[in-house]
Q: 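One structure follows; several queries about it will come next.
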Amino acid sequence: MNNTEAQTSIVQRSEFGKRLKASMDLYGPLCVGIDPHRKLLAKWGYNVDAQGAELFAMRMLQAAQGRAAAVKFQMPMFERYGSKGFAALERALFAARQMGVITIVDCLRGGLPTTVSALADAYLKPDAPMLADAITLLPYYGFRSLTNLVGDALENGRGVFIASVTSNTEGISLQSAIRQRGDFPGQTVAYGVAHAAQNFNDGVEGMGSVGLIIGATIGQWMKTSGVDPSVFTGPILSPGYGWQGAEAKDLKTVFKGTKGNVLVTVSRSISSKGPEISDLAMATESIALDVRQALYEAMEENDKEGVPEPPTHTDNDGHDPALSAANLADGHPPVSTPSTPHQLHPQQVTQHQSYNRFLISDPNRRSRII
Ligand SMILES: O=C(O)c1cc(=O)[nH]c(=O)n1[C@@H]1O[C@H](COP(=O)(O)O)[C@@H](O)[C@H]1O
């Protein structure tokens with residue numbers, strides 16, 4: 001662990017994860033994506049401009065409040081309107097804070113450490129103009145380029161989601177590439193990202209605050225990616241359900257054995273039902289139920305089988321990226337893997353049980369989240 005990580009206390013590192021987990025326990029594992037597509041603005045009868053995007057965002061927020069654990073704003077779809085777009089996003093974030101809704105700004109940014117650190121002033125520090133609970137980041141300048149920014153997020157009780165295995169199939173060609181040098185030689189790019197993110201979550205009781213992005217669409221590539229979501233203890237933001245083609249069965253496959261830390265983000269499958277708030281609310285509730293059930297079954301699946309399957313994939317070089325995840329070149333044990341594979345870490349058991357209890361104790365779940 002480097003200086004920045006060491007300086008950030010466990011309490012600070014826990015804060016965003018705790019808040020998000022509490023919200024997921026209450027409302028289920030759905031994040032409503034607020035993506036003001038131009039086509040949708042026109043369909044909803046709004047002008048295709050910053051004001052239209054803001055009105056769209058406010059409606060989506062109302063539909064999400066009390067029905068989903070969080071919302072995610074698609075920043076480029078505000079940024080396209082310049083300063084007016086930024087102002088619209090600022091107001092929408094302010095409204096979300098007033099409504100007590102957890103916010104993620106999907107800015108998907110990366111860069112050199114000094115440059116990217118400026119994002120903390122924009123989104124993460126208490127007086128940030130676009131204060132959000134978390135932002136999304138790209139690690140392709142190297143994970144260490146993000147370290148100071150992640151430290152800033154944690155010091156301020158905020159979180160980040162770092163792209164690991166994205167929902168577009170093209171992404172896997174880069175993300176499954178084998179690292180030639182640096183921290184995890186011989187491992188996939190996606191694996192290195194997941195491991196580095198997990199370092200920030202180690203030692204945190206419950207769900208950590210440094211999350212990953214893992215697409216729900218990538219079932220067939222999961223082993224190639226070298227990432228095992230079931231041993232990751234931060235939040236996992238998963239796009240791809242619905243509009244991009246992923247279904248409940250994909251959530252069950254990709255997130256088999258996870259312990260209540262997967263947050264499925266859905267945008268167009270909800271917003272396409274607008275503009276009436278009652279229709280948006282109904283779509284949100286119905287999708288919330290479906291993803292909750294699928295993720296519950298994904299957890300159950302692991303209960304039946306005890307452990308994630310041992311990896312079997314071998315790539316063209318005879319290298320087994322998934323297997324090598326358990327034999328790290330840097331000499332560390334695999335991230336948060338229980339010491340005996342058949343036992344869950346006590347904290348994982350607690351997370352699992354609380355999630356389980358909520359689902360089981362509430363047979364009439366639909367009424368619970370209305
Ligand atoms: O960063 C993201 O949120 C993201 C990562 C990824 O791998 N795939 C992906 O679709 N997303 C975003 O997730 C949202 C998915 O929207 P829908 O496909 O409409 O549900 C969009 O805002 C995407 O930009």
Side-chain angles (χ1 to χ4, degrees), residues 20 29-41 43-44 53 56-57 60-61 63-64 68-80 85 89 92 102-110 119 123 132-140 146 159-176 189-190 193-194 197 210-222 225 227 229 234-248 250-251 254-255 262-274 280 283-284 286-288 290-291 294:
L20 179 61
L30 177 68
C31 170
V32 171
I34 302 184
D35 298 20
H37 290 270
R38 285 183 291 208
K39 268 190 187 162
L40 283 169
L41 296 186
K43 183 184 162 222
W44 285 25
F56 175 96
M60 291 295 284
L61 260 179
V71 296
K72 177 172 78 69
F73 294 93
Q74 188 49 258
M75 188 212 170
M77 290 186 189
F78 292 87
E79 192 174 352
R80 62 163 39 126
L89 179 57
I102 292 187
T103 54
I104 301 166
V105 172
D106 199 357
C107 55
L108 276 175
R109 304 277 282 277
L119 292 175
Y123 296 105
D133 291 294
I135 58 175
T136 59
L137 295 173
L138 292 179
Y140 302 121
L146 302 177
V160 296
F161 290 92
I162 303 172
S164 177
V165 189
T166 56
S167 68
N168 57 326
T169 44
E170 186 189 3
I172 198 71
S173 58
L174 168 70
Q175 292 145 15
S176 67
V189 168
V193 171
V210 175
L212 291 178
I213 296 174
I214 298 181
T217 41
I218 48 91
Q220 60 175 318
W221 300 110
M222 211 50 222
S225 79
V227 175
I236 298 174
L237 183 69
S238 182
Y241 182 88
W243 204 271
Q244 292 180 41
E247 299 172 12
D250 300 301
L251 293 177
V254 174
F255 298 114
V262 179
L263 180 66
V264 175
T265 183
V266 175
S267 178
R268 283 165 295 180
S269 294
I270 295 172
S271 53
S272 61
K273 304 290 190 290
L280 293 167
T284 306
S286 149
I287 291 175
D290 292 346
V291 301

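Bear in mind the structure is a predicted one, so any value in this text is a computation, not a measurement. Order of appearance sets the numbers: ligands from 1, and atoms from 1 within every ligand.
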Q: Of the listed options (A216, S238, S267, P239), which comes nearest to atom 9 (C) of ligand 1 when hydrogens are ignored and any heavy atom counts?
A: P239
Q: Can you tell me the protein heavy atom closest to atom 15 (C) of ligand 1 and the distance?
A: Q244 NE2, 3.5 Å
Q: Going through the checks in order, is the side chain to side chain donor-acceptor pair (under 3.5 Å) test met by S167 and Q244?
A: CA-CA 8 Å; S167 68; Q244 292 180 41; 2.7 Å; yes
Q: Out of the candidates I213, T136, D106, I214, only one should pair with P239 under the side chain to side chain contact (heavy atoms under 4.5 Å, CB included) rule; please name it.
A: I213
Q: For K39, I'd like to know if atom NZ has over 12 heavy atoms of other residues, nucleotides or ligands within 6.0 Å.
A: no
Q: Please identify which of these residues, V264, V262, D290, meets the side chain to side chain contact (heavy atoms under 4.5 Å, CB included) condition with L251.
A: V264
Q: Which protein non-hydrogen atom lies closest to atom 12 (C) of ligand 1, naming both residue and atom, and how far is it?
A: K72 NZ, 3.6 Å
Q: Quick one: look up the protein heavy atom nearest atom 2 (C) of ligand 1 and list residue, atom name and how far away it is.
A: D106 OD2, 3.1 Å
Q: Below 4.5 Å, heavy atoms only, C-beta onward: do D133 and I104 meet side chain to side chain?
A: no
Q: Which protein heavy atom lies closest to atom 8 (N) of ligand 1, and at what distance to 0.1 Å?
A: S167 OG, 2.6 Å
Q: Return a yes/no value for T265: is any of its N or O atoms, backbone included, closer than 3.5 angstrom to an N or O of ligand 1?
A: no
Q: Around atom 21 (C) of ligand 1, find the nearest protein heavy atom and jot down its residue, atom name and distance.
A: D35 OD2, 3.1 Å
Q: Show which atoms of ligand 1 fall inside a sub-4.0 Å distance from at least one heavy-atom site of T166.
A: 7 (O)
Q: Just let me know how L108 lines up against ligand 1, side chain, backbone, both or neither, with a heavy-atom cut-off below 4.0 Å.
A: side chain
Q: Considering residues, nucleotides and ligands other than R38, do more than 12 of their heavy atoms fall under 6.0 Å from its CZ?
A: no
Q: Looking at non-hydrogen atoms alone, which of R268, M75, M77, Q74 comes nearest to atom 23 (C) of ligand 1?
A: Q74
Q: Would you mind listing which atoms of ligand 1 come within a distance below 4.0 Å of any non-hydrogen atom of V266?
A: 20 (O)
Q: Using a 4.0 Å heavy-atom cut-off, say whether I213 meets ligand 1 through its side chain, its backbone, both or neither.
A: side chain
Q: Using a 4.5 Å cut-off on heavy atoms from C-beta on, say whether the side chain of S225 contacts that of I218.
A: no
Q: Is the closest side-chain heavy-atom distance between D35 and R268 below 4.5 Å?
A: no
